[in-house]
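Okay, structure first, notes after.
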Amino acid sequence: MKKMIRSSLGDSPKTTYLYADLIKNKLNKDIYDVLVLDTFDGYTLMPFAIIGLNVDGYEMNEEYIEILKQRLENENLADKVNIYNTNFYKSNNKKKYDFVYVYQSLDKECYSDISMNKKVHAILDSVKLGGYIYIYYLMAIDENDYINYPSNQYLRSYEMSNMFDSNWQIIYCKERNKLRDNNRIGYIFVYKKPKKVIKHRYHYKIKTGQV
């Protein structure tokens with residue numbers, strides 16, 4: 001029997017299990033495509049793969065990727081998961097997903113040269129119509145301090161929710177002022193509305209009379 005390799009970061013976030021089950025129950029489909037940014041060593045990815053979802057994961061740390069690949073092999077899940085050792089926000093990925101899970105990706109130093117607006121919109125562009133996004137993000141403790149909390153890495157109050165237009169339904173958004181592990185955090189769960197079919201009405205003026 002192969003030995004289960006546990007994440008070096010501890011147990012996966014509770015939200016990975018919550019949303020893995022929630023999305024599978026909400027979407028009446030045979031195949032589910034999930035995007036995970038960033039995967040770490042499987043810390044944020046494994047709960048989605050274990051229940052049979054097709055997962056694409058992006059991770060910049062090569063050591064994490066090697067651990068993750070071994071974990072997937074041990075669980076016979078390698079054929080369900082694609083791992084990309086590249087910067088998602090600079091990639092030319094055109095694939096659309098039923099669910100996108102983002103956990104503390106936006107603040108990473110390796111993405112600090114990319115604007116927050118560009119990163120968030122890259123995430124939004126990756127979602128199918130009728131799909132969902134969950135984003136867990138760090139916020140500036142001092143919103144006037146752009147040196148210690150640069151705008152490319154730390155969001156300000158209501159900045160995240162304001163990036164979603166009328167094509168989206170914000171199911172919930174919570175931003176905490178109370179610090180957790182010396183961080184101020186926010187999280188948002190959003191649904192991408194299906195496009196409405198626009199019915200065009202045509203009006204004709206008919207003139208009658210002698211020819």
Side-chain angles (χ1 to χ4, degrees), residues 7-20 22 34-45 47-48 57-65 68 84-91 93 97 99-127 131-192:
S7 170
S8 61
L9 302 174
D11 294 330
S12 295
K14 291 180 181 179
T15 50
T16 56
Y17 298 100
L18 171 66
Y19 288 106
L22 182 65
V34 175
L35 172 63
V36 177
L37 307 173
D38 292 11
T39 68
F40 301 90
D41 62 353
Y43 179 63
T44 54
L45 180 142
F48 296 102
Y58 284 76
E59 175 56 55
M60 297 286 284
N61 187 313
E62 293 183 4
E63 291 183 11
Y64 278 158
I65 290 176
L68 173 54
Y84 301 96
N85 180 209
T86 189
N87 186 331
F88 170 80
Y89 304 109
K90 291 184 177 180
S91 70
N93 180 34
Y97 298 89
F99 181 60
V100 179
Y101 183 87
V102 186
Y103 187 89
Q104 258 182 258
S105 173
L106 298 173
D107 62 283
K108 281 192 170 181
E109 186 64 32
C110 57
Y111 309 133
S112 63
D113 61 325
I114 308 170
S115 74
M116 184 63 71
N117 185 69
K118 183 176 181 179
K119 285 186 282 194
V120 173
H121 280 89
I123 296 168
L124 271 55
D125 289 343
S126 67
V127 185
Y132 296 82
I133 301 174
Y134 174 82
I135 306 175
Y136 178 102
Y137 53 96
L138 297 188
M139 303 180 65
I141 296 175
D142 181 350
E143 298 200 346
N144 296 313
D145 182 353
Y146 288 90
I147 297 176
N148 294 308
Y149 304 101
S151 59
N152 283 2
Q153 294 174 265
Y154 296 88
L155 287 106
R156 271 61 185 171
S157 297
Y158 311 112
E159 184 180 359
M160 176 63 81
S161 58
N162 287 336
M163 293 190 189
F164 293 87
D165 60 21
S166 60
N167 293 308
W168 299 85
Q169 176 189 347
I170 296 177
I171 298 173
Y172 70 78
C173 180
K174 181 71 174 180
E175 296 185 338
R176 298 183 179 277
N177 290 318
K178 186 177 180 181
L179 300 187
R180 177 184 293 179
D181 298 326
N182 294 319
N183 290 311
R184 185 173 168 230
I185 64 166
Y187 40 91
I188 190 167
F189 181 46
V190 190
Y191 171 66
K192 189 171 187 177

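Side-chain atoms are counted along with the backbone in the values below, which use heavy atoms only and exclude waters and symmetry mates. Along the sequence shown, residues are numbered consecutively beginning with 1.
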Check your understanding: Roughly how far, to the nearest 0.5 Å, is the CE atom of Met139 from the CD atom of Gln153?
Key -> 15.0 Å
Review point. How long is the span from the CG atom in Asp125 to the CG atom in Asn93, to the nearest 0.5 Å?
Key: 10.5 Å
Review point. Once you round to the nearest 0.5 Å, how far does OH of Tyr43 lie from CG of Asp38?
Key: 13.0 Å
Exercise for review: Please report the closest heavy-atom contact between Cys110 and Asn87, naming both atoms and the distance.
Suggested key: O-ND2, 4.1 Å
Review point. Do the ring planes of Phe189 and Tyr19 sit parallel (below 30°), tilted (30 to 60°) or perpendicular (above 60°)?
Key: tilted
Practice item. Hey, could you give me the CG/CD1 distance between Leu35 and Ile133, rounded to the nearest 0.5 Å? Key: 9.5 Å
Practice item. Evaluate the side chain to side chain donor-acceptor pair (under 3.5 Å) criterion for residues Tyr154 and Glu159: first the C-alpha distance (whole Å), next the side-chain angles of each, then the deciding distance (0.1 Å), finally the verdict. Key: CA-CA 10 Å; Tyr154 296 88; Glu159 184 180 359; over 6 Å; no
Check your understanding: Do Lys108 and Phe40 meet the cation-pi criteria used here (NZ or CZ under 6.0 Å from the six-membered ring centre, within 45° of the axis)?
Key -> yes
Check your understanding: To the nearest 0.5 Å, what is the distance between CG (Leu155) and CD1 (Ile185)?
Key -> 13.0 Å
Practice item. Work out which heavy atom in Gly42 is nearest to a heavy atom in Ser12; give both atom names and the distance. Key: O-OG, 4.2 Å
Check your understanding: Going through the checks in order, is the ring pair (Phe, Tyr, Trp, His ring centres under 6.0 Å) test met by Tyr58 and Tyr84?
Key -> CA-CA 5 Å; Tyr58 284 76; Tyr84 301 96; 4.9 Å; yes
Exercise for review: First locate atom OH of Tyr111, then atom CG of Leu106, and finally report the distance between them rounded to the nearest 0.5 Å.
Suggested key: 9.5 Å
Practice item. Please test Ser157 against Arg184 for side chain to side chain contact (heavy atoms under 4.5 Å, CB included), starting from the C-alpha separation and ending with a verdict. Key: CA-CA 10 Å; Ser157 297; Arg184 185 173 168 230; 2.9 Å; yes
Exercise for review: Please confirm whether Arg156 makes a cation-pi placement over Tyr149, using NZ or CZ under 6.0 Å from the six-membered ring centre and within 45° of the ring normal.
Suggested key: no
Point to revise | Centroid-centroid under 6.0 Å between Tyr101 and Tyr134 rings | key: yes
